[in-house]
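Taking it in order: structure first as structure tokens, then the write-up.
Along the sequence shown, residues are numbered consecutively beginning with 1. As the structure lists them, so they are numbered: ligands from 1, and atoms in each ligand from 1.
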Amino acid sequence: MFSTLLFDKQDSIARITLNRPDVLNSYNLQMRDDMYQVLRAIKDDDEVRVVILRGAGDTAFCAGADLTEFLTAPSPVIARQVRWERDVWGLFLSLPQPIIAALHGYVLGSGVEMALCCDLRIAAEDATFGLPETRLGIIPVAGATQTLPRAIGLSPALEMLLTGRRLDAREAYDIGLVNQVVSRGNLMSTTEDMARQIARYDPLAVQYAKRAVTRGLDLPVADGLKLELRLAHLAIAAGKPRLKKQPHRPTETEGGK
Ligand code: COA
């Protein structure tokens, strides 16, 4: 049981719900601790093939860091120590399973950053995105300076970061911040359908594909290609017994006309 999150696992799909709807699911220290525990458990759980992240309530996925706790860390040294011990964002990004974010209402500050730690993002039509940190005299610390340009490219990322301008769902789609925009009523069914589809596939193939892309992004192309080859060999080796069981179906050329 967590005080800031709901967690459930069914049919190989884990669902994490940010659950502080009265304060628009703003991200506080307790949520950081709860999130760390949930992600740790998911990372080691072979039964989980796909993860869904969503926000409770009607108004927001997450309206950013909890402003009542803002900059209240006792000292930079302790803050760094805590961060080192509880690197939620590093843990998020190291999860082997794909994570799908279901986004509605306000998606601000660390809300955007949490969404960027996910692999796929589905937005409801009412979603609003923004990074207000620079306007507040700080910069994002949950990865956005690194994850945002990787997701949408340099110029749009800098515009979001430097101006703090809010984007509606359609604009977020146009710049590639989200994969799909759906009606509010269809947000969870679309997300669940996508999760179920991925959960039906060979989990190792899915995880290797994710790893090849996410790790490869930080490598020179030649090293990325080596990584891809290594993972492809691993996937083939792991899949051999399963592939052998498939009845041989002649290809068009083999079958002759
Ligand atoms: N931290 C703590 N509490 C927050 C919060 C945050 N980031 N965002 C909203 N809340 C709380 C409000 O204080 C309010 O609590 P109350 O009912 O006890 O007064 C409740 O959530 C509802 O928010 P409210 O401002 O009344 O809703 P709104 O629809 O008028 O406005 C926002 C919504 C998102 C525009 C507005 O809440 C806002 O600007 N929030 C801060 C966003 C931000 O700067 N985040 C930090 C990023 S670093």
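Ligand 1 places these atoms under 4.0 Å from at least one heavy atom of Pro132: 44 (O), 47 (C). Shown in contact with Asp66 at under 4.0 Å from a heavy atom are these atoms of ligand 1, numbered in order with element: 1 (N), 2 (C). Ligand-side atoms of ligand 1 in range of Glu133: 48 (S), range being under 4.0 angstrom from any heavy atom. Each of the following atoms of ligand 1 lies closer than 4.0 Å to a heavy atom of Leu108: 34 (C), 42 (C).
Annotation: atom 21 (O) of ligand 1 to nearest protein heavy atom, Val23 CA, 3.3 Å. For atom 31 (O) of ligand 1, the nearest non-hydrogen atom of the protein is Tyr106 OH, 4.2 Å. Nearest protein heavy-atom contact of atom 36 (C) of ligand 1 is Leu24 CD1, 4.7 Å. Here the protein heavy atom with the shortest distance to atom 16 (P) of ligand 1 is Asp22 O, 5.0 Å. Here the heavy atom of the protein found nearest to atom 7 (N) of ligand 1 is Ala65 O, 2.9 Å.
Residue Ala63 touches ligand 1 through backbone and side chain together, judged by heavy-atom distances below 4.0 Å. At a heavy-atom cutoff of 4.0 Å, ligand 1 is contacted by both the backbone and the side chain of Leu67.
Ligand 1 is approached by Arg166 to a heavy-atom distance shorter than 4.0 Å.
A side chain to side chain contact (heavy atoms under 4.5 Å, CB included) with Leu131 is found for exactly one of Leu161, Ile139, Leu167, namely Leu161. Among Leu18, Asn19, Asp66, the single residue meeting the side chain to side chain contact (heavy atoms under 4.5 Å, CB included) criterion with Met31 is Leu18.
Pairing each heavy atom of Gln97 with each of Arg49, the nearest pair is CB-O, 3.6 Å.
Here Gln180 contributes atom CD and Leu187 contributes atom CG; the two are 10.0 Å apart, rounded to the nearest 0.5 Å. Atom CD1 of Ile16 is separated from atom CG of Asp8 by 10.0 Å, given to the nearest 0.5 angstrom.
For atom 38 (C) of ligand 1, the nearest protein heavy atom lies 4.0 Å away or farther. For atom 11 (C) of ligand 1, the nearest protein heavy atom lies closer than 4.0 Å. When distances from atom 26 (O) of ligand 1 to the protein are checked, no heavy atom turns up under 4.0 Å. Within the 4.0 angstrom cut-off, atom 48 (S) of ligand 1 has one or more protein heavy-atom neighbours. Atom 18 (O) of ligand 1 is not flagged as protein-proximal [any protein heavy atom, distance under 4.0 Å].
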Next item on the list: Apply side chain to side chain donor-acceptor pair (under 3.5 Å) to Ser183 and Asn186, showing your working.
Entry: CA-CA 5 Å; Ser183 70; Asn186 285 335; 3.3 Å; yes
Item checked: side chain to side chain donor-acceptor pair (under 3.5 Å) assessment of Arg20 paired with Ser26 -> CA-CA 7 Å; Arg20 303 180 74 218; Ser26 54; 3.3 Å; yes
Next item on the list: List the steps, then state whether side chain to side chain donor-acceptor pair (under 3.5 Å) holds for Asp34 with Gln30.
Entry: CA-CA 6 Å; Asp34 291 348; Gln30 187 59 51; 2.9 Å; yes
Check: Between Asp174 and Arg170, does a salt bridge (Lys or Arg N to Asp or Glu O under 4.0 Å) hold up when you go through it step by step?
Finding: CA-CA 6 Å; Asp174 288 343; Arg170 191 48 59 185; 5.4 Å; no
Item checked: From CA spacing to verdict: side chain to side chain donor-acceptor pair (under 3.5 Å), Thr128, Arg166 -> CA-CA 6 Å; Thr128 305; Arg166 289 201 190 146; over 6 Å; no
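Glu125 places no side-chain N or O within donor-acceptor distance of the main-chain N or O of Val182, the cut-off being under 3.5 Å.
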